[in-house]
Amino acid sequence: MVFSNNDEGLINKKLPKELLLRIFSFLDIVTLCRCAQISKAWNILALDGSNWQRIDLFNFQTDVEGRVVENISKRCGGFLRKLSLRGCIGVGDSSLKTFAQNCRNIEHLNLNGCTKITDSTCYSLSRFCSKLKHLDLTSCVSITNSSLKGISEGCRHLEYLNLSWCDQITKDGVEALVRGCRGLRALLLRGCTQLEDEALKHIQNYCHELVSLNLQSCSRVTDDGVVQLCRGCPRLQALCLSGCGSLTDASLTALALNCPRLQILEAARCSHLTDAGFTLLARNCHDLEKMDLEECILITDRTLTQLSIHCPKLQALIPRLDPNSPARRAPWTPHFTSKEAEVWSASETCHLQSCPDGGRFMTGRGLLCPLAPAPLLCPTWRSWPAGFCVFFRRQLVPV
């Protein structure tokens, strides 16, 4: 790299160009652009491709058009590893084709909300970006099964794929995807309403490394699909089944018997699940950290008791809510005195995001314990249910 004497400020004379370049590598893109306007020497340093390995344009989403992405790709070339275009609705297939051709070492690409893109973009990524590991296509509603077929053929190192709200995806697309991308560890299919049990069967057959799966609002999924999934994906740690309203305790039994590493289970609006299923789950899945049981109307204190006994790592719990309770519609704040706060302190902080009758709250450290000298009462309740007492007894200890 050569500079004229006119460009040489004091800092440029004292520090080697390699060291300056290293310093610039820690700057964000706004600062880099400002530095590029200081002098010709700094312009060259700031715009060096090695400084542009990770770019997030979310804060500029309303201003980003296709030509911006094309210029970035030409500037960065093979240096670029991570690019977020989340919310950049002005970016389309043509500019992303240019991007794919220029940035063939891209590993992490976020296209969340880029609603103009179609299958053509996925074809380009498949052809030129074989190193891609993380791809977010959330709300890219024009994406079809053809995209998944292309990705499976050209992006076989893919580990994370978000297809949330891509509602044209069917079991055929999922089959094509998992046949080629067998190393998938996270697959998000929220709102892919055409998916059925057969899609889960394909995942079971090919994605044995899967640790996270989101099936929120995939209402056609039944117990048969979940049972097959659990048998083929024993490493599963996070599963969202919220809105899969036909599921029963058979799904919980399959999870309990096949997925002992489960940490997160979201089962909101699965109204057929009962204490029996959650009891078996609690006794087998001791690593549970977060559960969403909102509108699981058949569960009782027995479920909370079993969770408190068998799941010591549980940190967040959204219990069932009574849809007819007036407290459901109003937030609730626990009442406590300074004396009560001094008497009790939490050994672990547990966030219960619903009070016993449905009011929302987040616990404070050491402020919630039904065993305190003066019980802390919900304004709409005169006492605490037994299950909550057991749950908090494990969480709090006397000073």
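Between the side chains of Asn102 and Lys74, not a single donor N or O lies within less than 3.5 Å of an accepting N or O. In the model, Gln306 has a side-chain atom that pairs as donor or acceptor with a side-chain atom of Arg283 under 3.5 Å.
Inter-residue side-chain proximity for Val91 and Phe99 is flagged as unmet; no heavy-atom pair is nearer than 4.5 Å. Side-chain contact between Ile143 and Ile169: present, with at least one pair of heavy atoms (C-beta onward) separated by less than 4.5 Å. Using a 4.5 Å cut-off on side-chain heavy atoms (C-beta onward), Trp165 and Thr138 make contact. Side-chain atoms of Asp223 and Ser251, non-hydrogen and from C-beta on, do get closer than 4.5 Å to each other. Ile55 is listed as a side-chain neighbour of Cys76, based on a closest heavy-atom distance under 4.5 Å. Using a 4.5 Å heavy-atom threshold, the side chains of Leu85 and Asn110 count as separate. Considering only heavy atoms from C-beta on, Leu132 comes within 4.5 Å of Leu158 through its side chain. By the 4.5 Å heavy-atom criterion applied to side chains, Val69 and Val64 are counted as neighbours.
Summarising the geometry of Arg302 relative to Thr279, their closest heavy-atom pair is NE-OG1, 3.5 Å, with the distance given to 0.1 Å. In this structure, Thr115 and Ser142 approach most closely via the heavy-atom pair O-OG, 4.4 Å. Residues Arg269 and Glu295 approach most closely at CG-OE1, 3.8 Å, considering heavy atoms. Contact between Ser217 and Thr193 at its shortest, heavy atoms only, is O-CG2, 3.8 Å. Considering every non-hydrogen atom in both Asn214 and Arg190, the closest pair reads OD1-CG, 2.8 Å. For the pair Cys259 and Cys285, the tightest heavy-atom approach, listed with the atom from each and the gap, is O-SG, 3.4 Å.
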Residue pair Glu175, Arg179: steps toward the salt bridge (Lys or Arg N to Asp or Glu O under 4.0 Å) verdict: CA-CA 6 Å; Glu175 180 182 13; Arg179 281 182 179 274; 3.1 Å; yes
Evaluate salt bridge (Lys or Arg N to Asp or Glu O under 4.0 Å) for Arg182 paired with Glu209, printing each intermediate quantity in order. CA-CA 8 Å; Arg182 303 192 183 193; Glu209 302 298 317; over 6 Å; no
Does Phe278 form a side chain to side chain contact (heavy atoms under 4.5 Å, CB included) with Leu273? I'd like the steps, not just the answer. CA-CA 8 Å; Phe278 284 112; Leu273 304 180; 3.7 Å; yes
When you look at Leu184 and Leu161, which way does the side chain to side chain contact (heavy atoms under 4.5 Å, CB included) test go after all the steps? CA-CA 8 Å; Leu184 273 174; Leu161 180 61; 4.2 Å; yes
Assess whether salt bridge (Lys or Arg N to Asp or Glu O under 4.0 Å) is satisfied between Arg220 and Glu196, documenting all intermediate values. CA-CA 5 Å; Arg220 299 186 187 184; Glu196 302 171 336; 3.5 Å; yes
Go through the steps to decide whether Met291 and Leu281 satisfy the test side chain to side chain contact (heavy atoms under 4.5 Å, CB included), and finish with yes or no. CA-CA 11 Å; Met291 296 186 71; Leu281 185 74; 4.1 Å; yes
Take Tyr160 and Leu188, measure what side chain to side chain contact (heavy atoms under 4.5 Å, CB included) needs, and give me the verdict at the end. CA-CA 8 Å; Tyr160 174 101; Leu188 284 71; 3.8 Å; yes
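Here CG of Leu293 is found 7.0 Å from CG of Leu307. Values are rounded to the nearest 0.5 Å. We find the OG1-CG distance between Thr121 and Leu96 to be 4.5 Å, quoted to the nearest 0.5 Å. Of the inter-residue distances, the one linking Glu70 atom CD with Arg67 atom CZ reads 10.0 Å to the nearest 0.5 angstrom. To the nearest 0.5 Å, atom NZ of residue Lys133 and atom CZ of residue Arg185 are 11.5 Å apart. Rounded to the nearest 0.5 angstrom, Leu265 CG and Leu252 CG are separated by 6.5 Å. To the nearest 0.5 Å, the span separating OG on Ser139 from CG on Leu111 amounts to 12.0 Å.
The same ILVMFWY cluster, assembled from side-chain heavy atoms under 4.5 Å apart, contains both Tyr206 and Ile203. Hydrophobic clustering (ILVMFWY, side-chain heavy atoms < 4.5 Å, transitive): Leu20 and Trp52 are in one cluster.
Although no hydrogens or angles enter the test, the distance criterion places a donor-acceptor pair under 3.5 Å between the side chain of Asn105 and the main chain of Gly78. The main-chain N or O of Gly154 is found under 3.5 Å from a side-chain atom of Ser126 such that the two form a donor-acceptor pair. The closest donor-acceptor contact from the side chain of Asp136 to the backbone of Asn112 lies at 3.5 Å or more, if one exists at all. Between the side chain of Gln168 and the backbone N or O of Val141 there is at least one donor-acceptor pair closer than 3.5 Å. Listed for the Asp292 side chain is no donor-acceptor partner under 3.5 Å among the backbone atoms of Ala268. In this structure a side-chain-to-backbone donor-acceptor pair under 3.5 Å is present from Gln194 to Asp167. In this structure a side-chain-to-backbone donor-acceptor pair under 3.5 Å is missing from Ser212 to Ala186.
For Lys149 and Glu153, the salt-bridge test passes: some basic side-chain N is under 4.0 Å from an acidic carboxylate O. A salt bridge does not link Asp287 to Arg261: none of the charged side-chain nitrogens sits closer than 4.0 Å to a carboxylate oxygen.
Heavy atoms of other residues, nucleotides or ligands lying less than 6.0 angstrom from CZ of Arg127 number 12 at most. Sparse packing is recorded around CD1 of Ile89, with 12 or fewer heavy atoms of other residues, nucleotides or ligands lying under 6.0 Å away.
A side-chain hydrogen bond (donor to acceptor under 3.5 Å, both in side chains) with Asn145 is found for one member of Thr170, Asp119, Asp172 and no other, namely Thr170. The side chain to side chain contact (heavy atoms under 4.5 Å, CB included) test with Leu137 is passed by exactly one of Ser164, Ser147, Cys122: Cys122.
Classified by interplanar angle (parallel below 30°, tilted 30° to 60°, perpendicular above 60°), the ring pair His310/His286 is tilted.
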